[in-house]
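Everything below concerns the one structure shown next.
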There are 2 protein chains.
Amino acid sequence: MGPVPDKPTTTTQSDAYPLDAPSAYPAAEIARAWQRERPGIPTESIGIVTPLWRLAKLFADDRRKLLTELGVDPATLDLLSVLRRSGPPYEVNTRELARRTLVTAGAISQRVGRAEAAGLVLRRTERDGSRAVVVSLTKAGHDLVERTVDQVLTREAELVSSLKPDDRELLAGRLQVLLDDVRHRLEH
Amino acid sequence: MGPVPDKPTTTTQSDAYPLDAPSAYPAAEIARAWQRERPGIPTESIGIVTPLWRLAKLFADDRRKLLTELGVDPATLDLLSVLRRSGPPYEVNTRELARRTLVTAGAISQRVGRAEAAGLVLRRTERDGSRAVVVSLTKAGHDLVERTVDQVLTREAELVSSLKPDDRELLAGRLQVLLDDVRHRLEH
DNA sequence: CATGCTACGTTTAGGCCTAAACATTTAGAC
DNA sequence: GTCTAAATGTTTAGGCCTAAACGTAGCATG
């Protein structure tokens, strides 16, 4: 049966995993532990889903910390970035914002509300008497993006810099294919 | 310069992206949009980070919805799963829990508090007069894991079922390598 | 031009998390 | 032993998000 991972740790901390390796239990060990505890359970997904979640969390935590220093929060920068990237006149309606950021309409409404209160965006109706809302970037919002996005992307490029360009493209491609497939399955 | 993606969408929703493809702007287009708007900005990471975040969110949202139907929340099941996987006597101290779940000590404290109030776990000091806390699974907690984990893993196996075993292992391996490297970099 | 369905944005309630402040305990230095 | 510094678990404050309830606008049918 090989080594027994994920052993009970009643004693103190870390039998198998020293403190200086804060999260070193590969997904493979989680799958093995489930197989040991519940033989036959479908564990094929663990090797994909677990590292994927962990990577996402590491990137998100790191970005949040960097942005805190810069005086922004990730949700606001996400909103401003979509507007900035769309090019002049830096306007996008709220449906489109929800679609591009993968959050609910309610979340968009709150994000825009906060950003508007901070003077970073403006909100106006799409046409007279229309209910649709268009959000646009103010100068302050534009400036905020300009002085933060480079730092964020530079930092993240550093974090993935162990990947050689070919490997990076290969991984990016496979992730995109998987993403498209998962999205397709979720649409039923 | 090729096609111009991520065009302003002042008009209505979705010029280039119909509503029936709720999130179809590949990471590559985001990178191209940044290059168009801010030439020279380092965009290498986008192809990795963006699909990775989106996949993580799709999986997390789907799991949350499934678990809501089953009457649990993801955070609680995460806690119970670590305990269940550790094998008899289903006990893990709180430091170890924090390490394995990638959340802060405060979050663990709250998770355990909620689970304890729901009768799913017990909390006791590690030794007499000690400050260290050990969390253990109750029968109710054990039962809850038994009747939910199979469904969660089955569902997730379905979501990644487009990957052939070889592809799956390859991707899992590359993600784990990247995870280890990113973690290493974050330790400074 | 009613009627009812659908789409849309906002608001509210509740949940979970992080960061920081606390209160102890544990470990070292001398 | 004593004292200081580090480690540990909890609490609190504040932030962001989802789900659901609303109120209204758009629109097709008859």
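Sequence lines set the chain letters: A, B, ... in the order given, protein chains first and strands last, and positions in each chain run from 1. Computation of the quantities below employed the complete heavy-atom set of this structure, encompassing side-chain atoms and omitting hydrogens, waters and symmetry-equivalent molecules.
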Under 4.0 Å between any heavy atoms, over every strand shown, what does [X] touch: base, sugar-phosphate, or nothing? Just pick one.
| X | answer |
| --- | --- |
| B/Ser109 | base |
| A/Ala75 | sugar-phosphate |
| B/Thr94 | sugar-phosphate |
| A/Asp73 | sugar-phosphate |

Which of these nucleotides, [options], is closest to any side-chain atom of [X]?
| X | options | value |
| --- | --- | --- |
| A/Arg123 | C/dT10, C/dG9, C/dC17 | C/dT10 |
| A/Arg114 | D/dC16, C/dG9, C/dT18 | D/dC16 |
| B/Gln110 | C/dC16, D/dC17, C/dT18 | C/dT18 |
| B/Lys57 | D/dT18, C/dC16, C/dA19 | D/dT18 |
| A/Val103 | D/dC17, C/dG9, C/dT18 | D/dC17 |
| A/Arg64 | C/dT18, D/dT18, C/dG9 | C/dT18 |
| A/Ala107 | C/dC17, D/dT10, D/dC17 | D/dC17 |

Reported CG-to-CG distance for the pair A/Leu171 and B/Leu175, which is rounded to 0.5 angstrom: 6.0 Å
Check: A/Ser161/B/Arg185 side-chain N/O donor and acceptor closer than 3.5 Å: yes
